[in-house]
Amino acid sequence: MTNLKLVSLESRERSIVTVGGVRFGGNFVIIAGPCSVESEHQMLATAEAVKEAGADMLRGGAFKPRTSPYAFQGLGLRGLKILARAREATGLPVVTEVLDTRDVSWVAEFADMIQIGARNMQNFALLKEVGKTNRPILLKRGMNSTLAEWLNCAEYILNEGNSNVVLCERGIRSFETYTRNTLDLSAVPAVKELSHLPVITDPTHATGKRSLIGPMSSASVAAGADGILLEVHHRPEEALSDREQALTPSQFSRIVHEVRALRQFQEEAGCGEMVSGGTTP
Ligand code: PEP
Ligand code: MN
């Protein structure tokens with residue numbers, strides 16, 4: 001791939017991106033939390049539950065990109081403040097999405113990591129703006145984007161001086177309608193061949209189905225991902241967004257056990273280089 005001066009694997013050693021005390025690259029990082037921050041009670045209850053189950057980081061959307069303008073749009077600044085309280089209560093770093101260049105400074109102030117969602121992957125003004133912050137960025141793959149387009153978007157961020165980027169494969173659009181998207185697992189080893197940046201998957205948005213999230217989380221470990229992002233709600237039936245795909249805390253806890261055990265097995269079986277560094281082509 002041409003013109004990937006800063007993100008290509010040739011340009012430097014594999015990156016470790018640190019968020020709070022959490023290290024992406026070499027470790028398997030589990031990010032969990034609700035789709036949206038809905039209230040202080042909901043966020044704190046969910047945050048405590050995912051911490052108890054073994055999550056490394058919290059997520060929760062304060063600014064939500066919704067298909068319909070009439071759907072819940074998020075609590076905005078109030079949501080960011082609730083996220084900060086959840087971080088205080090649990091000690092876990094927080095990632096949250098920014099939708100608008102005008103909100104970048106707020107989000108950078110309250111969050112430990114800034115998410116660029118799939119719908120904004122190629123919002124170049126937003127990429128440049130977050131590239132000017134000193135916060136690590138979680139860059140999701142656009143649902144209709146090629147690997148080259150995705151990596152070029154990471155290049156935009158690094159080009160502004162922010163080299164702390166983690167990529168997130170969250171499923172692409174295909175002809176299949178049973179699943180919400182199609183998790184492109186081959187993107188994980190492909191990114192490892194092309195770039196030094198860590199890459200995680202989002203089995204939640206990729207499948208849109210609670211029952212499929214566990215298997216796709218395990219598959220992500222096998223593919224060599226540096227982590228997963230999962231949506232969990234303390235009461236999924238009450239969730240204001242993405243209700244069908246929210247895991248209960250106990251479902252989440254089972255997935256954590258399984259992926260941690262798989263990862264440990266890989267390490268003990270001597271697949272260390274394969275799981276953390278990609279296979280040698
Ligand atoms: C999200 O993580 O809440 C989200 C909206 O994800 P995506 O941008 O992948 O659809
Ligand atoms: Mn969601």
Side-chain angles (χ1 to χ4, degrees), residues 19 29-38 42-43 46-47 50 55 57-69 71-76 79-80 82-83 86 94-100 103 107 111-123 126-127 130 136-145 149-150 153-154 165-174 179-185 187-188 199-210 212-213 216-217 220 225 227-248 252:
V19 183
V29 176
I30 301 180
I31 306 173
C35 181
S36 306
V37 180
E38 299 166 3
Q42 169 253 11
M43 188 64 222
T46 305
V50 300
M57 263 183 80
L58 293 177
R59 62 148 285 142
F63 298 96
K64 294 303 301 175
R66 304 304 302 282
T67 302
S68 164
F72 178 59
Q73 304 284 309
L75 298 179
L80 295 178
I82 293 173
L83 279 171
V94 163
V95 57
T96 197
E97 179 167 356
V98 67
L99 297 180
D100 190 315
D103 296 322
V107 176
D112 301 287
M113 184 180 214
I114 302 174
Q115 177 172 318
I116 299 293
R119 291 157 190 79
N120 270 314
M121 186 199 84
Q122 279 187 317
N123 182 336
L126 194 55
L127 296 175
V130 298
I137 309 300
L138 185 64
L139 178 64
K140 288 202 164 190
R141 180 183 183 181
M143 57 192 90
N144 303 309
S145 302
E149 286 163 342
W150 188 19
C153 290
V165 174
V166 175
L167 299 163
C168 179
E169 160 59 40
R170 49 77 72 203
I172 51 176
R173 278 269 163 91
S174 76
T179 48
R180 185 174 177 182
N181 291 286
T182 295
L183 183 62
D184 179 11
L185 267 181
V188 172
V199 56
I200 69 169
T201 68
D202 172 351
T204 299
H205 291 91
T207 62
K209 280 196 162 52
R210 206 171 278 131
L212 304 182
I213 295 170
M216 288 298 99
S217 298
S220 298
I228 46 174
L229 178 152
L230 299 177
E231 285 187 352
V232 182
H233 196 289
H234 76 306
R235 290 183 188 196
E237 66 285 0
E238 292 174 9
L240 295 182
S241 57
D242 285 352
R243 191 174 294 172
E244 303 308 311
Q245 61 189 34
L247 298 165
T248 63
F252 172 67

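Quick note: residue numbers are just sequence positions, from 1. Both counts, for ligands and for their atoms, begin at 1 and track the order of listing. As the structure is a computational prediction, the values presented were derived from the model and not from experiment.
For the atom pair M43 CE and S36 OG, the distance stands at 10.5 Å (nearest 0.5 Å). Distance check, rounded to the nearest 0.5 Å: OG1 of T46 to CZ of F252 gives 11.0 Å. One finds the CE atom of M216 at 9.5 Å from the OG1 atom of T179 (value rounded to the nearest 0.5 Å). Rounding to the nearest 0.5 Å places CG of D202 at 13.0 Å from CZ of R141. For the atom pair CG of L230 and CD of Q245, the computed distance is 10.5 Å after rounding to the nearest 0.5 Å. Taking NZ of K140 as the reference point, atom CG of L229 lies at 5.0 Å (rounded to 0.5 Å).
At a 3.5 angstrom cut-off on N or O pairs, D202 does not count as close to ligand 1. Inclusion of A118 in the set of residues having an N or O under 3.5 Å from an N or O of ligand 1 is warranted.
Under a 4.0 Å N-O distance rule, the pair R59/E97 does not qualify as a salt bridge.
Within 6.0 Å of atom CZ in R235, 12 or fewer heavy atoms from other residues, nucleotides or ligands are found, so the atom counts as exposed in its surroundings.
Protein heavy atom closest to atom 4 (C) of ligand 1, with residue, atom name and distance, is H205 NE2, 3.6 Å.
Near the Mn ion (ligand 2), less than 2.8 Å away, sit the protein N, O or S atoms C35 SG, H205 NE2, E231 OE2, D242 OD2.
Proximity to G117 (heavy-atom distance under 4.0 Å) selects the following atoms of ligand 1: 8 (O).
The closest non-hydrogen atom to atom 5 (C) of ligand 1, taken over E97, E231, R59, comes from E97. Atom 6 (O) of ligand 1 has its nearest heavy-atom neighbour, among R170, K64, R141, K140, in K140.
No hydrogens or angles considered: a donor-acceptor pair under 3.5 Å links the side chains of D242 and H205.
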